[in-house]
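Data first, discussion second: the structure below is written as structure tokens.
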Amino acid sequence: MHLFFKVLYYLKSLTRIFAKMTDPPKAILRLASHKDTTKRLQSLGVCHRCLIRIAGETNPTVLRNASSIMALHMTILSGDKKVDNLDGDPGKNGVYDVADVCPCCFGLLQESFTSLAFLTRIQHHVQQNGYTLRTFWCSLTAPNGADIRSRIFDEYWDESAEKISGRLAVKDAWKAVVTPVLTGFFGTRWVGHEGLEINLAVENAQMDGKECEALTAKYPQSFQEKRGPDGKMKRIVTRHSLEKVLASMRSYDFNLLFPFPPRPLTVPSTLVQITCIPCSVFVAGRYLKYSRTVSQTPWFIEEERKGDASVEEMICARLEAAFQAESSRFMASGREDIDVLMLGEGRPFGVELIGAKYAGLTELEMAKVEVQINESHKDIEVKYLSVVERSDMTIIKTGEEDKTKTYSALCSMRELVTPEDLRQINELTTLQIKQKTPVRVLHRRANAERLRRVFDFSAEPIAGKPHHFRLTMKTQAGTYVKEFIHSDFGRTAPSVSALLRKEVECEELDVLAVDLVWPPGRSAFSLN
């Protein structure tokens with residue numbers, strides 16, 4: 001309730017500010033300059049906001065305070081209070097009462113759809129359904145022929161008064177009027193088409209689609225034909241097809257098909273439904289994998305599951321529950337084989353939570369989700385969970401060729417590992433290798449040859465294991481490390497086996513680091 005009065009005070013303050021204006025808006029000047037056209041529109045019951053919209057007003061504040069601004073400036077400019085009695089009724093100068101339905105906006109810009117009481121209904125609906133918002137936007141499903149009806153009035157002004165370019169559509173004018181109130185209610189921003197979509201379905205019993213039928217008869221090729229429930233074929237008018245046809249119509253053709261004025265409206269429009277359409281929420285983090293039987297994503301071969309579980313399933317199940325999401329989509333910066341550990345600071349990953357009721361969690365709440373995941377699964381660990389923007393998710397997949405990864409491999413040989421073997425490896429600086437698609441993945445990947453770099457070599461003996469050594473190295477992203485060690489029947493060259501001229505196998509492989517600053521905003525220093 002306190003917020004309600006704050007919004008009310010804000011709107012009244014704006015009204016007082018404009019009451020003191022000395023220079024009227026350009027739309028008011030146009031209305032005063034074309035009195036005959038203005039009076040004709042008024043006599044048909046066109047509302048104040050539609051009048052200044054038709055006259056080219058785009059300023060949201062002027063649109064919101066149309067009545068008070070017109071009451072002041074139209075009287076001053078005309079010098080004839082009788083002519084400009086904007087709050088009259090049909091008994092005074094032929095002007096309809098403001099309670100009547102505006103034939104141009106079908107009531108959308110009038111009090112019934114812009115009042116605080118109406119907008120409070122929207123707020124209550126969102127809150128009662130348990131949605132939280134970071135950002136939001138409103139969309140409108142208008143009655144059939146709404147765009148045609150408003151254009152009829154726009155065309156009349158352009159022909160009888162002056163041509164207006166860049167005129168706001170009725171829907172956009174409504175959004176301009178209600179934006180400050182709704183942003184105040186929700187305490188967040190209205191941002192383009194981002195965030196929770198709040199769709200309002202508006203109907204009017206007298207707007208039965210006759211205008212659309214005239215269009216389908218005139219331009220049948222522009223509308224797809226489908227069979228109706230009665231078995232008969234009919235032309236289907238979609239928003240896209242309607243907008244496309246109207247945009248292509250010249251004023252002359254439009255005015256012939258839809259003469260001015262349109263049929264009057266005597267029945268008020270009604271709000272038939274409010275629908276909340278949740279947006280996707282994006283969560284970033286890094287995961288560590290401590291098991292050699294857990295895959296990154298669910299792995300099936302001929303409908304048979306491989307591995308005990310997957311990183312994706314263990315992380316996404318908890319996130320979906322925390323955000324009350326309908327589903328999720330997992331992505332990561334590369335992937336390790338099922339038998340490879342992911343250590344160090346972990347691998348960057350992101351999750352798109354589709355249809356999430358909760359648009360964001362606090363740092364403390366995100367920390368609790370981390371704890372829940374880590375305590376529920378001993379095979380994985382997650383770090384740095386945070387909500388990010390959709391645009392941030394491109395970071396994970398960009399620069400695939402430039403990222404570097406650090407590996408630790410347990411290597412074995414039939415022969416004893418000699419100091420000379422280790423010296424040869426440690427003296428390497430940077431190797432450029434050629435790799436053909438490994439035999440083990442040829443069944444699912446095209447046979448291609450790629451160039452990769454391997455550098456920063458370090459080979460150390462392992463106490464008590466004379467046939468083994470530990471090899472640490474950095475590689476360019478996309479390097480097949482196991483094949484670089486054992487050569488894959490010569491398909492990778494050079495390889496460790498070729499350099500030592502001995503058969504070398506990779507018994508175990510661990511990823512120690514993925515060189516990517518992630519989540520966004522986290523410094524590289526903090527990941528070390």
Side-chain angles (χ1 to χ4, degrees), residues 286 288-290 292 332-348 399-441 448-518 524-525 527-528:
R286 300 177 81 97
L288 293 86
K289 183 168 80 77
Y290 302 124
R292 299 191 190 277
S333 180
R335 67 166 62 227
E336 67 283 335
D337 292 338
I338 189 171
D339 60 349
V340 175
L341 304 185
M342 182 65 241
L343 305 176
E345 285 294 317
R347 184 181 296 277
E400 285 285 357
E401 302 298 316
D402 300 322
K403 290 197 297 280
T404 60
K405 301 177 182 180
T406 304
Y407 290 90
S408 173
L410 176 61
C411 302
S412 65
M413 302 193 309
R414 292 182 181 179
E415 300 90 339
L416 294 174
V417 177
T418 66
E420 177 62 19
D421 294 332
L422 301 179
R423 184 191 63 79
Q424 280 187 259
I425 295 175
N426 288 327
E427 287 181 352
L428 294 172
T429 54
T430 298
L431 281 180
Q432 180 161 295
I433 63 174
K434 292 182 179 180
Q435 287 196 307
K436 293 181 180 179
T437 303
V439 172
R440 64 187 171 93
V441 297
E449 184 175 274
R450 56 190 61 78
L451 295 177
R452 292 291 184 267
R453 289 178 296 107
V454 186
F455 50 98
D456 286 1
F457 294 89
S458 174
E460 298 178 351
I462 299 176
K465 292 187 175 183
H467 292 272
H468 293 75
F469 66 94
R470 175 70 62 182
L471 174 60
T472 305
M473 74 205 98
K474 287 187 176 181
T475 73
Q476 183 181 352
T479 303
Y480 291 104
V481 177
K482 295 175 182 176
E483 283 69 21
F484 169 65
I485 293 172
H486 61 63
S487 88
D488 193 30
F489 306 104
R491 295 173 66 82
T492 293
S495 64
V496 175
S497 291
L499 291 168
L500 299 182
R501 296 181 181 179
K502 298 177 181 180
E503 289 188 14
V504 183
E505 295 295 334
C506 178
E507 292 192 1
E508 291 181 354
L509 184 64
D510 304 330
V511 185
L512 301 183
V514 178
D515 181 23
L516 180 69
V517 177
W518 186 263
F525 175 80
L527 295 178
N528 294 322

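Because only heavy atoms are used, hydrogens play no part in the values below, and waters and symmetry mates are left out as well, while side chains stay in.
- Shown here are the side-chain contact (heavy atoms from CB on, under 4.5 Å) partners of Glu420, two or more places apart in sequence or in another chain: Thr418, Arg423, Gln424.
- From Thr472, atom OG1 reaches atom CD1 of Ile425 across 10.5 Å, with rounding to the nearest 0.5 Å.
- Under the salt bridge (Lys or Arg N to Asp or Glu O under 4.0 Å) criterion, Glu415 pairs with no residue at all, not counting sequence neighbours.
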Checklist line | Verdict with reasoning, Arg414 to Glu503, per salt bridge (Lys or Arg N to Asp or Glu O under 4.0 Å) | finding: CA-CA 7 Å; Arg414 292 182 181 179; Glu503 289 188 14; 3.7 Å; yes
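- Separating the OG1 atom in Thr430 from the CG atom in Asp456 is a distance of 7.0 Å, to the nearest 0.5 Å.
- Side-chain atoms of Ser495 never come within 3.5 Å of backbone atoms of His486 as a donor-acceptor pair (strictly under, hydrogens ignored).
- Heavy atoms only, all atoms of each residue included: Ser333 and Lys403 are closest at OG-CE, 2.8 Å.
- Taking the side-chain contact (heavy atoms from CB on, under 4.5 Å) definition, one finds that Leu422 meets it with Val417, Asn426, Ala459, Pro461, Phe469, sequence neighbours left out.
- Contact between Phe484 and Thr492 at its shortest, heavy atoms only, is CA-CG2, 3.8 Å.
- Evaluation of the side-chain contact (heavy atoms from CB on, under 4.5 Å) rule for Ala448 yields Thr437, Arg450 as partners, not counting sequence neighbours.
- At most 12 heavy atoms of other shown residues, nucleotides or ligands fall within 6.0 angstrom of atom NZ in Lys434.
- Residue Lys502 comes nearest to Leu416 through the heavy atom pair NZ-O, 4.1 Å, listed as atom of the first residue, atom of the second, then distance.
- With sequence neighbours excluded, the residues that form a side-chain hydrogen bond (donor to acceptor under 3.5 Å, both in side chains) with Lys482 are Asp337, Asp339.
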Next item on the list: Could you go through the side chain to side chain contact (heavy atoms under 4.5 Å, CB included) check for Met413 and Leu500 one step at a time?
Entry: CA-CA 10 Å; Met413 302 193 309; Leu500 299 182; 4.2 Å; yes
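- For Arg470, the side-chain hydrogen bond (donor to acceptor under 3.5 Å, both in side chains) partners are Ser408, not counting sequence neighbours.
- A distance-only check finds no donor-acceptor pair linking the side chain of Lys474 to the backbone of Arg453 [under 3.5 Å].
- A search for salt bridge (Lys or Arg N to Asp or Glu O under 4.0 Å) contacts involving Lys436 returns nothing, not counting sequence neighbours.
- Side-chain contact between Arg452 and Thr475 is absent, with no heavy-atom pair separated by less than 4.5 Å.
- Between Tyr480 and Arg440, the shortest heavy-atom distance links the atoms CD2-NH2, 3.9 Å.
- For Glu336, the side-chain hydrogen bond (donor to acceptor under 3.5 Å, both in side chains) partners are Tyr287, Arg347, not counting sequence neighbours.
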Notebook entry, point to check: Could you go step by step and tell me if Ile462 and Leu410 meet the side chain to side chain contact (heavy atoms under 4.5 Å, CB included) rule?
Noted result: CA-CA 9 Å; Ile462 299 176; Leu410 176 61; 3.2 Å; yes
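- Smallest separation of non-hydrogen atoms from Arg286 and Pro348: NH1-CG, 3.6 Å.
- Applying the salt bridge (Lys or Arg N to Asp or Glu O under 4.0 Å) criterion to Lys465, with sequence neighbours excluded, gives no partner residue.
- Here the CD-CZ distance, from Gln432 to Phe455, works out to 12.0 Å after rounding to the nearest 0.5 Å.
- Applying the side-chain contact (heavy atoms from CB on, under 4.5 Å) criterion to Arg335, with sequence neighbours excluded, gives Gln296, Thr297.
- Between the side chain of Ser487 and the main chain of Val496, no donor-acceptor pair closer than 3.5 Å is present.
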Notebook entry, point to check: So Met473 and Val481, side chain to side chain contact (heavy atoms under 4.5 Å, CB included) or not? Walk me through it.
Noted result: CA-CA 9 Å; Met473 74 205 98; Val481 177; 4.0 Å; yes
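- At least one side-chain heavy atom of Leu428 sits under 4.5 Å from a side-chain heavy atom of Leu499.
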Table please: side-chain donor-acceptor pairs of residues 506-516 below 3.5 Å, with sequence neighbours left out.
from	atom 1	to	atom 2	distance (Å)
Glu507	OE1	His468	NE2	3.2
Glu507	OE2	Ser412	OG	3.0
Glu507	OE2	His468	NE2	3.2
Glu508	OE1	Arg292	NH2	3.4
Asp510	OD1	Arg292	NH1	3.3
Asp510	OD1	Arg292	NH2	2.8
Asp515	OD2	Thr404	OG1	3.3

